[in-house]
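Worksheet: one structure, shown below.
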Amino acid sequence: MSIVYLNGEYVPKEEAVISVDDRGFLFGDGIYEVTAAYRGSLFRWDLHLARMNRGLSALRIDFDPTELEEVHLQLLKENSLQEAPVAFVYTHITRGVAPRTHQFPSDPVAPTVYMFAGEYSRPPRNRWEEGYKAVTVHDQRWARVDLKTIQLLPNVLGKQAAIDAGVDECIYVKDGMAIEGALNNFFTVFGNTVVTHPTSNQILPGITREALFGVAEKLGYEVEVRAITIEEMFQADEAFHTGTLTEVKPCVEIDGRPVGTGKVGPVTRALFDGFLEVAGRKD
Ligand code: PDD
């Protein structure tokens, strides 16, 4: 039985109830986070906390998420996930429950905080070694995707477009540039140089992306943070997506065209292994 956290209480999932007046439900008025836990240890909690604080302050939701670190650890415990090689905790914070008005509630209400934990089963290495395919999708998201808001309809449609095309991931393209995935960041590799889109309002500043910079540096690769054109993307030697639970996911084909040799490349492989080491586990 799964134990979840809702507004200060740990309850069986079946007993967790949220009002139909919740502004998350009515307006998508809130933020979320997904934090990985490698054998019970939260990966880069400080960065997740900072990103939540940034989102909450941009949305003007008055809530201090610092105390949620404890809740993350408790949820792992309640769900016997402390020893799991990779688990995750999902956090969802909305402006709260109030009669439907577009403007903020006139009387302040408490935010709704809902969290749950689960186990992530990493694909077997031989599946990973086959690589994954992607399609490009026109990026129709709003102009503040740097905030991790719960309004994810374009992301849902982007990922579904990939599934409908019989592939695994999407790559958002906009103004001739390859930007990021529907639920992950996107990197290309040219020789010993790893390239990814700069942080701006156009991508989510991924915590895995950030961690990869450290891994790449340690392994002696150059990191270039710049936009890449779609044409350039098709010339790349290698490509991969990064994210919480995506980890480092090799992209070997885009829109039916092979990336480089069409096989997982040595840089992606080295970065994945380096990432697993940084995350504290290598299997
Ligand atoms: N997705 N870009 C987008 C659009 C994302 O939704 C995510 C994360 C990332 C990678 O960020 P990070 O490395 O901090 O997980 C990039 C989460 C995991 C999700 O929606 O499930």
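Indexing begins at 1, ligand by ligand and atom by atom, following the structure's order.
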Check: R39 side chain, A84 main-chain N or O, donor-acceptor pair, under 3.5 Å: no

Min N/O separation T242 to ligand 1 under 3.5 Å: no

Shortest protein heavy-atom distance from atom 17 (C) of ligand 1, along with the residue and atom involved: K148 NZ, 3.3 Å

Pairwise side-chain contact, I93 with M115, heavy-atom cut-off 4.5 Å (strictly under): no

Taking atom 10 (C) of ligand 1 as the reference point, the nearest protein heavy atom with its distance: N185 OD1, 3.7 Å

Atom 13 (O) of ligand 1: nearest protein contact (heavy atom, Å): T208 OG1, 2.6 Å

Nearest-option assignment for atom 4 (C) of ligand 1, heavy atoms, candidates A36, A182, P154: A182

Salt-bridge present (D46, R44; N to O < 4.0 Å): no

Sub-4.0 Å atoms of ligand 1 with respect to non-hydrogen atoms of G206: 11 (O), 12 (P), 13 (O), 14 (O)

Closest approach of any protein heavy atom to atom 2 (N) of ligand 1, naming residue and atom: E180 OE1, 2.6 Å

For atom 20 (O) of ligand 1, the protein heavy atom that lies nearest, with its residue and separation: Y32 OH, 2.6 Å

Part of R44 with heavy atoms under 4.0 Å of ligand 1, whether side chain, backbone, both or neither: neither

Nearest non-hydrogen protein atom, atom 15 (O) of ligand 1: T244 OG1, 2.5 Å

Backbone N/O of F27 and side chain of R100: donor-acceptor pair under 3.5 Å: no

Top protein contact for atom 1 (N) of ligand 1, by heavy-atom distance: L183 O, 3.2 Å

Test log, rule ring-ring contact (aromatic ring centres under 6.0 Å, His included), inputs H48 and F43: CA-CA 9 Å; H48 286 283; F43 185 66; 7.7 Å; no

Lys/Arg-Asp/Glu bridge criterion (N-O < 4.0 Å) met for K159, E169: yes

Closest protein heavy atom to atom 21 (O) of ligand 1, given as residue, atom name and distance to 0.1 Å: V34 CG2, 3.7 Å

Whether E238 side chain and V267 backbone form a donor-acceptor pair below 3.5 Å: yes

No-hydrogen, no-angle side-chain donor-acceptor test under 3.5 Å, D164 and Q160: yes

Pair R141 + D139: basic N to acidic O under 4.0 Å: yes

Proximal atoms of ligand 1 relative to R141 (non-hydrogen, under 4.0 Å): 4 (C)

Contact check: I207 vs ligand 1, nitrogen or oxygen atoms, below 3.5 angstrom: yes

N184 and ligand 1 - part of the residue with a heavy-atom distance under 4.0 Å: backbone

Ligand-residue contact atoms, ligand 1 with L204, heavy atoms, under 4.0 Å: 2 (N), 3 (C), 5 (C), 7 (C), 9 (C), 11 (O), 16 (C)

Part of P205 with heavy atoms under 4.0 Å of ligand 1, whether side chain, backbone, both or neither: neither

Verify same cluster id: V195, M177 (apolar side-chain graph, 4.5 Å): no

G181 neighbourhood, listing ligand 1 atoms whose heavy-atom distance to it stays under 4.0 Å: 4 (C)

Within-cut-off N or O pair, R51 and ligand 1, under 3.5 Å: yes

Contact atoms of ligand 1, heavy-atom distance to G243 under 4.0 Å: 10 (C), 13 (O), 15 (O)

Residue among T208, T196, N184, L271 satisfying side-chain contact (heavy atoms from CB on, under 4.5 Å) with T242: T208

Carboxylate-amine/guanidinium contact E210 R51, below 4.0 Å: no

